[in-house]
Amino acid sequence: MEHEPKPCAAVKGTQIMVENLFYNMTARRKTLQNSANDFSNIEDLLKRFSIHHTNVNFSLRKHGASGADLHTVGTSSRLDAIRSVYGVSVARTLIKIETSDNNPSSSVFKMNGFISDSNYVAKKITMVLFINDRLVECTALKRAIEIVYAATLPKASKPFIYMSIILPPEHVDVNVHPTKREVSLLNQEVIIAKIQSVVESKLRNSNEAQTFQEQVVEPSPSGNIGIIKDSSFSSSPSGSKSQKVPVHKMVRTDSLDPAGRLHHYLQAKPRGPLENNPSLTAVRSSVRQRRNQKETADLTSIQELINEIDCNCHSGLLDVVRHCSYIGMADDVLALLQHDTHLYVANVVNLSKELMYQQVLRRFAHFNAIQLSDPAPLSELIMLALKEEDLDPECNENDDLIEKITEMNTELLKQKAELLEEYFGIHVDVHGNLSRIPVILDQYTPDMDRVPEFVLCLGNDVDWEDEKRCFQVISAALGNFYAMHPPMLPNPSGDGLQYYKKRKPIRNPEDIEDDVTIEDEMEHELLSEAETAWAQREWSIQHVLIPSMRLFFKPPASMATNGTFVQVASLEKLYKIFERC
């Protein structure tokens with residue numbers, strides 16, 4: 001720079017030339033790619049600007065070329081601009097989306113744009129995002145939309161997305177990336193949830209039909225009649241020929257199709273009370289995931305615990321977890337998961353316990369809260385837990401001991417209330433009542449029947465003097481509390497149904513003294529409660545636990561040997577067995 005920069009007029013017809021980039025910085029100049037790669041990056045950038053600023057004409061020509069590689073004419077229709085830049089095959093698959101919110105307590109924004117439907121297939125996602133007319137990236141938003149599309153597009157296919165978001169400038173944090181390329185938003189999770197919900201709703205309404213193209217090859221003159229039918233998505237921009245996969249290595253093409261799950265092969269039972277539950281319906285249609293909070297507590301002990309998780313991660317199981325497909329529940333504890341050509345049974349309780357433990361450490365000191373409708377006295381919870389463990393409930397000495405333990409633990413937890421609330425979102429008021437517990441996974445509430453056991457663990461097992469050990473035990477206690485244990489009520493399917501049949505004593509002394517079961521008379525209210533609890537648990541496993549595992553979970557090496565993951569079938573080995581037969 002020879003002089004300080006100053007404003008100057010850029011009147012119509014002004015030309016700005018940039019030459020000899022980094023001519024005096026040899027190291028930086030060597031990092032430049034070849035001209036063809038740099039030109040493609042420039043072209044991609046201008047394409048994104050041209051579909052946003054539709055009132056501006058853009059023209060791009062490579063040095064030495066006779067014609068323009070990109071030329072757009074100002075238009076009032078954004079869809080026309082996308083058609084001229086990205087082609088007709090993209091434009092005809094687009095759906096217009098809009099949403100907004102003007103609630104200062106949650107979020108203030110306006111969004112409009114276009115998203116592709118299920119007829120668009122590409123190998124790489126194209127997401128054009130403008131926030132306050134500035135071309136940026138938002139990793140959390142991109143990931144949330146990809147999760148929605150994962151259930152819609154075939155495997156390895158990606159969508160086209162254009163979005164323009166307007167919100168107050170002070171709600172945008174541009175200091176996330178050194179180049180200001182990536183941004184973070186105030187109330188980001190609320191905004192992403194609303195956008196994800198709109199995208200999911202639009203896709204659900206547009207996926208009633210898909211377009212396929214069929215090509216018939218005429219018989220050859222030699223007399224060999226052969227008809228080849230090639231079904232492919234008509235809007236696919238790629239015409240590449242798929243490689244032939246050996247039959248013993250073929251994997252189901254759409255692993256998220258409900259036809260590939262166990263329920264498709266089982267006789268459906270009416271679940272009246274569950275299906276009519278409006279709260280559950282709302283949960284099903286809402287956002288199921290949220291990204292980890294990037295900010296973590298600046299405590300060495302927490303960082304050490306997180307580092308231990310990272311160092312102890314099993315790479316083989318990590319690949320299974322990241323790319324597995326949920327098939328169904330094999331029994332009350334084991335779930336069937338498919339990865340590539342292998343079938344596994346996984347212990348849901350162990351998986352959810354470890355996942356919750358890891359999430360507690362990652363969200364340390366940044367929890368949302370679940371408010372209890374009625375505050376629960378700690379003394380009653382601890383006494384209830386101790387009586388459940390008491391082997392001799394009729395002994396008076398045990399009652400005195402239980403009262404002493406209850407009083408000591410209650411006072412201890414009241415003293416530690418500030419620490420529990422600040423770091424773990426567990427609120428204990430001055431009267432010793434538990435009124436709030438943390439949100440560890442969105443859209444999931446733990447089994448409240450296990451609260452007494454959790455409170456007793458906080459009082460008995462935590463070493464409050466050692467910081468690292470203290471945080472580790474509390475996190476593990478939360479993990480055990482929030483783990484997806486089987487409900488307390490017996491499973492009403494199969495043999496468990498007998499527990500819900502009414503029993504009536506026979507008063508005739510000549511008859512058998514034992515009670516007998518009366519056929520076709522059931523405890524319908526209790527049965528309905530059990531069916532709801534078990535169905536809710538399986539729904540949470542499929543729609544909350546498995547997606548969260550793909551995003552966040554780092555399986556420890558011990559899970560490869562302790563029975564948490566067990567491979568039960570391999571397609572290649574099955575083919576060898578069939579060949580012998």
Side-chain angles (χ1 to χ4, degrees), residues 262 292 301-302 304-364 389 440-441 444 446-447 450 453-454 456-458 460-463 468-488 491 534 537-538 540-542 544-574:
L262 285 181
N292 274 336
S301 56
I302 294 298
E304 288 178 356
L305 291 172
I306 293 176
N307 291 338
E308 288 176 7
I309 293 173
D310 294 338
C311 295
N312 195 33
C313 179
H314 190 286
S315 58
L317 289 181
L318 182 63
D319 185 60
V320 172
V321 168
R322 288 286 188 267
H323 305 97
C324 70
S325 303
Y326 175 78
I327 305 300
M329 294 298 295
D331 60 15
D332 296 346
V333 174
L334 300 177
L336 287 171
L337 303 177
Q338 178 188 331
H339 174 253
D340 199 10
T341 57
H342 304 295
L343 185 66
Y344 297 85
V345 288
N347 188 309
V348 171
V349 176
N350 291 352
L351 286 175
S352 56
K353 188 183 299 185
E354 180 65 23
L355 173 64
M356 301 298 179
Y357 168 73
Q358 294 181 12
Q359 284 296 92
V360 171
L361 294 178
R362 293 192 184 102
R363 290 190 174 188
F364 186 82
E389 295 181 355
I440 296 180
L441 284 183
Y444 175 67
D447 185 356
R450 300 185 180 275
E453 178 188 352
F454 166 64
L456 180 62
C457 181
L458 290 182
N460 276 354
D461 301 342
V462 179
D463 181 1
K468 180 178 177 180
R469 181 62 183 163
C470 171
F471 292 156
Q472 185 179 29
V473 174
I474 295 176
S475 300
L478 281 166
N480 184 61
F481 172 34
Y482 280 72
M484 296 185 181
H485 298 277
M488 297 291 188
N491 193 338
W534 282 89
R537 175 179 179 255
E538 183 166 356
S540 298
I541 291 171
Q542 178 179 343
V544 178
L545 176 63
I546 302 300
S548 299
M549 281 171 47
R550 296 193 190 106
L551 289 173
F552 311 129
F553 190 48
K554 293 188 176 180
S558 59
M559 285 190 172
T561 56
N562 65 2
T564 301
F565 280 95
V566 178
Q567 181 179 320
V568 294
S570 170
L571 191 60
E572 294 91 337
K573 292 182 179 179
L574 288 176

[X] versus [Y], closest heavy-atom pair with distance:
| X | Y | result |
| --- | --- | --- |
| Tyr326 | Leu337 | CA-CD2, 4.0 Å |
| Val333 | Asp331 | N-OD1, 2.9 Å |
| Ala483 | Tyr444 | O-OH, 3.6 Å |
| Pro556 | Glu354 | CD-CG, 3.9 Å |
| Asn350 | Met559 | O-CE, 3.7 Å |

Determine whether [X] and [Y] make a side-chain contact, defined as any pair of heavy atoms from C-beta on separated by less than 4.5 Å.
| X | Y | value |
| --- | --- | --- |
| Arg550 | Ile546 | yes |
| Asp332 | Val348 | no |
| Phe552 | Gln358 | no |
| Leu351 | Met549 | yes |
| Asp340 | Leu571 | no |
| Gln359 | Leu478 | no |
| Asn491 | Pro486 | no |
| Val345 | Phe565 | no |

Distance, nearest 0.5 Å, that separates [atom1] of [X] from [atom2] of [Y]:
| X | Y | atom1 | atom2 | result |
| --- | --- | --- | --- | --- |
| Ser570 | Leu343 | OG | CG | 10.0 Å |
| Thr561 | His314 | OG1 | NE2 | 8.5 Å |
| Leu441 | Ser352 | CG | OG | 9.5 Å |
| Leu458 | Glu453 | CG | CD | 11.0 Å |
| Cys324 | Tyr344 | SG | OH | 10.0 Å |
| Asn347 | Asn562 | CG | CG | 8.0 Å |

Practice problem: Classify the angle between the aromatic ring planes of His323 and His339 as parallel (below 30°), tilted (30 to 60°) or perpendicular (above 60°). | Solution: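 Tilted, since the angle between the ring planes falls between 30° and 60°.
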Practice problem: Give the C-alpha distance, both sets of side-chain angles, the deciding distance and a yes or no for side-chain contact (heavy atoms from CB on, under 4.5 Å) between Tyr357 and Ile309. | Solution: CA-CA 10 Å; Tyr357 168 73; Ile309 293 173; 4.1 Å; yes
Practice problem: Step by step, work out the side-chain contact (heavy atoms from CB on, under 4.5 Å) result for Leu545 and Met484. | Solution: CA-CA 9 Å; Leu545 176 63; Met484 296 185 181; 3.7 Å; yes
Exercise. Decide side-chain contact (heavy atoms from CB on, under 4.5 Å) for Phe454 and Asn480; before the verdict, give the C-alpha distance in whole Å, the side-chain angles of both, and the deciding distance to 0.1 Å.
Key: CA-CA 8 Å; Phe454 166 64; Asn480 184 61; over 6 Å; no
Exercise. Look at the side chain of Arg450 and the backbone N and O of Tyr482, then say whether any donor-acceptor pair between them is shorter than 3.5 Å.
Key: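 No, the answer is negative, given that no donor and acceptor are paired below the 3.5 Å cut-off.
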Practice problem: Indicate whether the side chain of Glu538 and that of Gln542 have a donor and an acceptor atom separated by less than 3.5 Å. | Solution: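 Result is no, nothing qualifies.
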Quiz item: Should Arg537 and Asp447 be marked as a side-chain contact (heavy atoms from CB on, under 4.5 Å) after you check the CA-CA gap, both sets of side-chain angles, and the distance that decides it?
Solution: CA-CA 9 Å; Arg537 175 179 179 255; Asp447 185 356; over 6 Å; no
